[in-house]
Amino acid sequence: MNIKDTLNAIVAARKIGRTPNIVGLHGTGKSEVVKLAAKQMKMHYKEFRTGQAADAGDLTGLPQFKLDEKGREFTHFVLPDWFPREENTLVFFDEINRGAKDILNGAFEAVYDLSMKGIPMPKGCMIVSACNPPTDDYSGTIDFNDSAFQDRFIHIKFQPTEQEFFSYMSGKYTNSAALEFLQDAGTNLLEDSGLQS
């Protein structure tokens, strides 16, 4: 899908209570599309980079031991920074295919239940994730054939058009020699990268 169709798909997924997973090459604007979708839907925005998490505690929050009114110890989880505190927040799990297995299991809980460690997200929140395609060019821990992974998401193949790609790159790399090279090279480079007109 191109950028316009991907934006429409994210909006539609929110209406039906499903989680979009945007699959596309690196550097093509997946993250920017998710931010734009949040802006268009007038939602707050939070991001968690799954591939940069050191361990599951970065996703789930850290356990804290407390005493109840009878002096009995119980475990309470301190909410992590990414966890939404406001209603109508879009949470973006970037690079979901690069997270360790225990991190992915926590991410699946968030996707499936819109909660973390039993703590529900505020009303109107949604999750969007993104990953690279399952090719030899990218390393990752997700088995794309895993039925749990397939069932929890609506998978969107992200392919911006040539015009969308150059518009995105122009905004990101103003007066860049690399951008001029890409424009001079024409569509051959884009087609080799999986981008289509």
Side-chain angles (χ1 to χ4, degrees), residues 1-26 28-53 56-61 76-134 138 140-160 164:
M1 290 187 177
N2 63 21
I3 290 175
K4 181 180 177 183
D5 291 342
T6 300
L7 287 169
N8 290 336
I10 293 171
V11 172
R14 185 184 187 204
K15 288 179 181 176
I16 63 172
R18 296 297 304 274
T19 301
N21 178 50
I22 302 169
V23 183
L25 303 174
H26 68 285
T28 54
K30 296 186 299 295
S31 302
E32 295 303 317
V33 167
V34 176
K35 289 176 187 174
L36 183 58
K39 185 176 180 181
Q40 284 189 359
M41 293 186 288
K42 298 182 177 167
M43 298 182 75
H44 303 287
Y45 178 83
K46 289 270 191 174
E47 182 175 293
F48 180 78
R49 295 191 178 192
T50 315
Q52 294 178 4
D58 289 343
L59 177 74
T60 63
H76 166 77
F77 279 82
V78 178
L79 291 174
D81 287 343
W82 69 264
F83 192 89
R85 272 66 169 183
E86 299 174 290
E87 293 183 355
N88 299 314
T89 298
L90 186 154
V91 178
F92 179 42
F93 287 160
D94 197 9
E95 300 180 331
I96 198 166
N97 60 313
R98 294 180 183 270
K101 290 287 185 187
D102 56 345
I103 295 170
L104 291 176
N105 288 335
F108 287 170
E109 176 194 342
V111 167
Y112 196 71
D113 298 326
L114 286 178
S115 68
M116 184 52 59
K117 292 297 181 183
I119 302 170
M121 294 182 190
K123 183 180 176 182
C125 290
M126 79 174 295
I127 294 175
V128 177
S129 67
C131 66
N132 302 123
Y138 299 101
T141 54
I142 283 183
D143 176 4
F144 277 77
N145 297 316
D146 183 285
S147 59
F149 178 67
Q150 291 296 328
D151 291 346
R152 282 172 168 79
F153 299 92
I154 295 173
H155 299 279
I156 299 169
K157 185 177 180 183
F158 181 67
Q159 288 184 300
E164 289 174 333

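Sequence positions, counted from 1, serve as the residue numbers for this chain.
- Taking CD1 of I3 as the reference point, atom CZ of F158 lies at 4.5 Å (rounded to 0.5 Å).
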Review item, side-chain donor-acceptor pairs of residues 109-128, under 3.5 Å, at least two apart:
unit_1, atom_1, unit_2, atom_2, d
E109, OE2, K117, N, 2.8
E109, OE2, G118, N, 3.4

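- Of the inter-residue distances, the one linking T19 atom OG1 with I154 atom CD1 reads 8.0 Å to the nearest 0.5 angstrom.
- A donor-acceptor contact shorter than 3.5 Å is absent between the side chain of N2 and the backbone of Q159.
- A donor-acceptor contact shorter than 3.5 Å is absent between the side chain of K30 and the backbone of S129.
- Closest of all the heavy-atom pairs between R85 and F83 is NH1-O, 2.6 Å.
- Looking at N8 and M1, their side chains never come closer than 4.5 Å, going by heavy atoms from C-beta outward.
- Shown here for I156 and P20, the closest heavy-atom pair between the two residues is CD1-CB, 3.8 Å.
- In this structure, L59 CG and L104 CG are separated by 9.0 Å, a value rounded to the nearest 0.5 Å.
- Using cut-offs of 30° and 60° on the angle between ring planes, the pair F48 and F93 is perpendicular.
- For H26, the ring pair (Phe, Tyr, Trp, His ring centres under 6.0 Å) test picks out Y138, with sequence neighbours left out.
- Atom NZ of K39 has 12 or fewer neighbouring heavy atoms from other residues, nucleotides or ligands inside a 6.0 Å radius.
- No side-chain donor-acceptor contact under 3.5 Å links W82 to the backbone of K46.
- Counting only distance, with no hydrogens or angles, the side chain of R49 and the backbone of E47 share no donor-acceptor pair below 3.5 Å.
- Put simply, the side chain of T50 gets close to the backbone of D94: a donor and an acceptor are under 3.5 Å apart.
- The distance from atom CG of L90 to atom NE2 of H44, rounded to the nearest 0.5 Å, is 11.5 Å.
- Two residues are said to be in side-chain contact when any heavy atoms from C-beta on lie closer than 4.5 Å; R98 and N132 meet this criterion.
- In terms of the salt bridge (Lys or Arg N to Asp or Glu O under 4.0 Å) criterion, K157 has no residue partners (sequence neighbours excluded).
- At a threshold of 4.5 Å between non-hydrogen side-chain atoms, the residues P80 and T60 do not count as touching.
- Side chains of M41 and V11 form a contact here, defined as non-hydrogen atoms less than 4.5 Å apart.
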